[in-house]
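Worksheet: one structure, shown below.
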Amino acid sequence: QDADLVLADSEISSCSNQQQLSWSLAVVGQFLPRMRVIFPGCDPHLSQLRRLDQTLTPPSLGIYPAEKFDPDLLYAAADVLALPGTGAVSPLPIFRAARARLPVVASDSPSFGRYLSHQHNALLFSPNSYTPGDRSSQRIRPLAGAIARLLDDRDLAAQLASRLAQDIDS
């Protein structure tokens with residue numbers, strides 16, 4: 001109960017998205033030490049993410065695989081749903097978030113554009129054109145900023161979650 005819980009639904013798929021999310025949360029964790037992340041499922045790459053967490057000072061992400069938990073329970077317990085994937089994904093995580101009134105941070109990609117609108121029912125992030133580095137590292141800072149914003153501004157988080165629920169229901 002004392003932790004801010006970020007849920008990374010298994011629909012984020014590729015390991016690179018999981019690593020980008022982990023690095024983003026490592027940045028946020030420096031300012032919000034109570035933050036934890038759950039990666040549902042049993043992806044073999046999660047052991048690599050745990051090793052990443054152990055290299056941080058202090059190790060704080062608390063990367064938890066959650067293959068044995070009901071998705072509805074995870075969504076009800078979480079504070080934010082993070083969807084950093086850029087490819088086609090199942091809309092199921094968005095529907096679950098709407099049902100649980102969970103705010104969503106997602107990549108600004110056509111895959112999510114059908115359901116999510118920036119600052120209407122979710123916070124969407126994209127790489128800044130001025131950010132140096134390769135495309136995957138460019139996404140770390142905007143993703144971290146969007147997650148931190150929702151964890152810091154609970155009124156905005158509740159407003160976005162409520163609108164998402166209304167949009168999905170209609």
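Heavy-atom basis, side chains included; hydrogens, waters and symmetry copies ignored. Note that the structure is predicted; figures quoted are calculated from it, not measured.
The two residues Ala144 and Ser24 make their nearest non-hydrogen contact at CB-O, 3.5 Å. Listed here is the closest heavy atom pair of Pro103 and Ala157: CB-O, 3.6 Å. The shortest heavy-atom contact between Gln119 and Arg149 is NE2-NH1, 3.0 Å. Contact record, Ile168 with Ala98: CG1-CB, 3.6 Å, taken as the closest heavy-atom pair.
Formation of a donor-acceptor pair under 3.5 Å by the Ser162 side chain with backbone atoms of Ala158 is not found in this model. A donor-acceptor pair is defined here as one N or O able to donate and one able to accept, closer than 3.5 Å; such a pair exists between the side chain of Ser107 and the backbone of Gly85. The backbone N or O of Leu151 lies less than 3.5 Å from a partner atom in the side chain of Arg154, making a donor-acceptor pair. For the pair Asn121 (side chain) and Val104 (backbone), a donor-acceptor distance under 3.5 Å is absent. With hydrogens and angles disregarded, no donor-acceptor distance shorter than 3.5 Å links the side chain of Asp152 to the backbone of Ala148. Ser126 places no side-chain N or O within donor-acceptor distance of the main-chain N or O of Asp108, the cut-off being under 3.5 Å. A distance-only check finds no donor-acceptor pair linking the side chain of His118 to the backbone of Leu123 [under 3.5 Å].
Contact check for His120 versus Asp167: side-chain heavy atoms found under the 4.5 Å cut-off. Residues Val105 and Leu81 form no side-chain contact, since every pair of their non-hydrogen atoms from C-beta on lies 4.5 Å or further apart. Using a 4.5 Å heavy-atom threshold, the side chains of Leu156 and Leu150 count as touching. Looking only at side-chain heavy atoms (C-beta outward), Leu21 and Ile147 come within less than 4.5 Å of each other.
Interatomic distance, CZ of Phe125 versus OG of Ser109, reported as 8.5 Å (0.5 Å rounding). The OH atom of Tyr75 lies 7.5 Å from the CG atom of Leu102; values are rounded to the nearest 0.5 Å. Taking CG of Leu116 as the reference point, atom CZ of Arg163 lies at 13.5 Å (rounded to 0.5 Å). Here the CG-CG distance, from Leu83 to Leu7, works out to 8.5 Å after rounding to the nearest 0.5 Å.
Heavy atoms from other residues, nucleotides or ligands lying under 6.0 Å from CZ of Phe31 number 12 at most.
By the 4.0 Å N-to-carboxylate-O rule, Asp79 lies too far from Arg34 to be salt-bridged with it.
Not counting sequence neighbours, the partners of Arg99 by the side-chain hydrogen bond (donor to acceptor under 3.5 Å, both in side chains) test are Asp72.
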